[in-house]
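For reference, the structure is listed below as structure tokens.
Numbered from 1 within each chain, the chains take letters A, B, ... in sequence-line order.
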Number of protein chains: 2
Amino acid sequence: MAKSIGLKTAELEKISHLDYFNIALSVDCVIFAYDEKELKVLLIKSDLEEFSGMYSLLGDLVRLDEDLDAASYRILRERTGMEDVFLEQVHTFGSINRHPSGRVVTTAYYSLIDVKHHNLRLNNNELHWHSVKGIKKMAFDHKTILDTCLNRLREQSMEHPVVFNLLPEKFSLRELQELYEAILSVELDRRNFRKKIAIKDWLIDLNQMEEDVPHRPGKLYKLKPEFRKKTNRKKSSENNIVSV
Amino acid sequence: MAKSIGLKTAELEKISHLDYFNIALSVDCVIFAYDEKELKVLLIKSDLEEFSGMYSLLGDLVRLDEDLDAASYRILRERTGMEDVFLEQVHTFGSINRHPSGRVVTTAYYSLIDVKHHNLRLNNNELHWHSVKGIKKMAFDHKTILDTCLNRLREQSMEHPVVFNLLPEKFSLRELQELYEAILSVELDRRNFRKKIAIKDWLIDLNQMEEDVPHRPGKLYKLKPEFRKKTNRKKSSENNIVSV
DNA sequence: TACATAATATGTACTTACAACACATTATTA
DNA sequence: TAATAATGTGTTGTAAGTACATATTATGTA
């Protein structure tokens with residue numbers, strides 16, 4: 001019996017497969033996008049009888065020869081054709097009975113993509129964008145996973161410049177505000193919103209105007225390049241001290 | 001080949017064990033305590049040749065019949081004798097080569113315990129408290145795991161009343177401030193610290209005084225019972241809106 | 001061409017939190 | 001009883017958060 005993870009190779013070989021190696025590991029991706037002033041998530045109809053008619057997240061088992069993070073990137077690439085996408089691990093769900101076919105522990109990631117991006121190609125007719133607000137039930141524990149990732153997105157969106165991954169490169173402040181309102185499910189005061197964004201100093205004024213809008217066009221902005229990293233996961237070496 | 005996690009039972013049985021069921025799943029616990037004005041972590045000497053002389057976190061493989069969270073509670077109970085302890089999942093580490101003996105993906109938890117608690121019994125002479133500041137190298141990727149958990153603790157400690165799990169039931173404001181200073185590695189202004197704590201309204205004034213201190217005794221406080229939950233992990237149903 | 005419309009753009013007053021900083025009080029101990 | 005060492009408290013300036021109103025500009029219509 002292995003009391004610590006510090007297993008010698010010989011010990012590891014002796015461990016019963018039935019005891020320890022029947023747990024499968026999967027990743028599930030909560031792929032968010034923003035379209036028609038609503039936050040959307042990419043779902044597929046579940047192919048399990050137990051969940052017939054219900055939708056599930058996009059996931060797959062982790063392969064023996066791929067990193068956990070790589071597995072989630074692979075799902076995203078296979079399903080959407082997108083590379084270099086914002087993707088961040090959120091939580092691992094490991095209840096015994098979360099999967100009806102066996103013991104499957106899953107690590108959830110959330111991703112933010114531009115629904116208008118020219119590389120976006122959904123690989124499957126069964127894949128559809130669903131308004132996050134309208135989703136009640138899902139297959140497995142995927143509703144819990146979705147809610148957990150949505151909460152993470154809400155937390156992150158205030159602190160870090162992540163939501164720009166949901167927008168095209170150029171956008172107006174109105175579009176940005178509508179996006180925040182969709183994510184947070186609140187209405188925001190325009191003047192205070194603009195002040196808060198200005199303080200954060202994330203944006204570059206492009207000195208261009210919106211076109212093809214049926215009203216006075218607004219200025220266009222883009223995210224400063226230094227914030228265009230695709231993940232904001234803290235490196236372990238960074239000490240982010242918060243002052244008391 | 002399983003394209004989605006929605007595997008039918010028959011499909012799942014056909015999956016090659018070599019491809020998918022050779023990934024073992026473990027949990028590792030970063031058990032923090034506070035003693036002699038320093039933040040400590042409970043470590044054990046690694047029993048692997050590759051890491052001889054190095055220390056590692058406390059962990060074990062997850063059993064087929066136990067929830068992921070239950071596995072981390074089990075480690076904690078087996079190693080410290082403590083029940084009802086603050087424990088929270090932080091991150092899952094899944095690099096291919098993180099474990100020299102095979103593919104082991106590990107989910108890290110962090111725990112906060114009172115080093116003076118009467119139930120605390122270290123089960124093993126090899127278990128020792130180490131000052132977090134002094135730790136340079138560890139076995140496996142455990143230094144990275146430790147740093148990640150320390151960062152999480154730092155974030156949480158400002159927002160949520162978690163650090164009280166590191167203190168005895170009754171404590172003075174000086175002790176609390178010294179604890180925050182140890183966790184954050186900063187010096188804090190006494191007046192501003194007390195003001196901030198007062199605003200949070202976490203504490204009850206016990207109308208008791210410190211004893212056996214070699215100076216003017218300070219007032220004793222305890223945490224309000226409504227904050228004495230052992231985990232502050234958000235339930236997925238909670239919508240914590242942050243206003244822009 | 002001018003007028004009504006609808007959205008952009010911006011500023012002020014109030015309140016609340018944050019940061020820097022000094023002095024009186026109370027046990028202890030020498 | 002005097003010196004020491006820590007507790008306990010308040011003010012002021014600065015920065016951010018919140019509530020709120022008016023002028024401006026392009027569009028579209030009469």
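- Scored by the ring pair (Phe, Tyr, Trp, His ring centres under 6.0 Å) test, A:Tyr221 finds no partners at all (sequence neighbours excluded).
- When the side-chain contact (heavy atoms from CB on, under 4.5 Å) test is applied to B:Lys136, no partner is found at least two apart in sequence or on another chain.
- As rounded to whole Å, 6 Å separates atom P of C:dC18 from atom CD1 of B:Ile199.
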Can you check nucleotides 10-13 of chain C for protein contacts, nitrogen or oxygen pairs under 3.5 Å, and list what you find?
from: C:dT12; atom 1: O4; to: A:Lys195; atom 2: NZ; distance (Å): 3.1

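- Taking atom CE on B:Met158 and atom C1' on C:dA17, their separation rounds to 13 Å, with Å as the unit.
- In this structure, B:Lys196 places its NZ atom 13 Å from C1' of C:dT16, rounding to the nearest Å.
- Going from atom NZ of B:Lys200 over to atom P of C:dA17 covers 10 Å, rounded to whole Å.
- Residues A:Asp67 and A:Tyr73 have side chains not in contact (no heavy-atom distance under 4.5 Å, counting atoms from C-beta outward).
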Would you mind writing out the side-chain donor-acceptor pairs for residues 203-211 of chain A within the sub-3.5 Å range, not counting sequence neighbours?
from: A:Asp205; atom 1: OD1; to: A:Asn207; atom 2: N; distance (Å): 2.8
from: A:Asp205; atom 1: OD2; to: A:Lys219; atom 2: NZ; distance (Å): 3.1
from: A:Gln208; atom 1: OE1; to: A:Lys170; atom 2: NZ; distance (Å): 2.9
from: A:Glu210; atom 1: OE1; to: A:Arg174; atom 2: NH2; distance (Å): 3.1
from: A:Glu210; atom 1: OE1; to: A:Gly218; atom 2: N; distance (Å): 2.8
from: A:Glu210; atom 1: OE2; to: A:Ser172; atom 2: OG; distance (Å): 3.4
from: A:Glu210; atom 1: OE2; to: A:Arg174; atom 2: NH2; distance (Å): 2.4

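- Protein atom CD1 of A:Ile197 is 14 Å distant from nucleotide atom C1' of D:dA16, rounded to whole Å.
- Whole-Å rounding puts the B:Arg174 CZ to C:dA27 P distance at 15 Å.
- Near-neighbour residues of DNA chain C inside residues 203-217 of chain B, defined by a heavy atom below 4.0 Å, number-ordered: B:His215, B:Arg216, B:Pro217.
- In terms of the ring pair (Phe, Tyr, Trp, His ring centres under 6.0 Å) criterion, A:His215 has no residue partners (sequence neighbours excluded).
- In this structure, B:Phe193 atom CZ and D:dG10 atom P are separated by 18 Å, rounded to whole Å.
- Shown here are the side-chain contact (heavy atoms from CB on, under 4.5 Å) partners of A:Asp35, two or more places apart in sequence or in another chain: A:Lys40, A:Val115, A:Lys116.
- Remark: A:Phe164 pairs with A:Phe171, A:Trp202 by the ring pair (Phe, Tyr, Trp, His ring centres under 6.0 Å) rule, at least two apart or across chains.
- By the ring pair (Phe, Tyr, Trp, His ring centres under 6.0 Å) test, A:His128 is found to be paired with no residue, residues two or more places apart in sequence or in another chain being considered.
- B:Arg98 approaches B:Ile145 most closely through the heavy-atom pair NH2-CD1, 4.2 Å.
- A:Leu188 places its CG atom 13 Å from the P atom of D:dG17, with the value rounded to the nearest Å.
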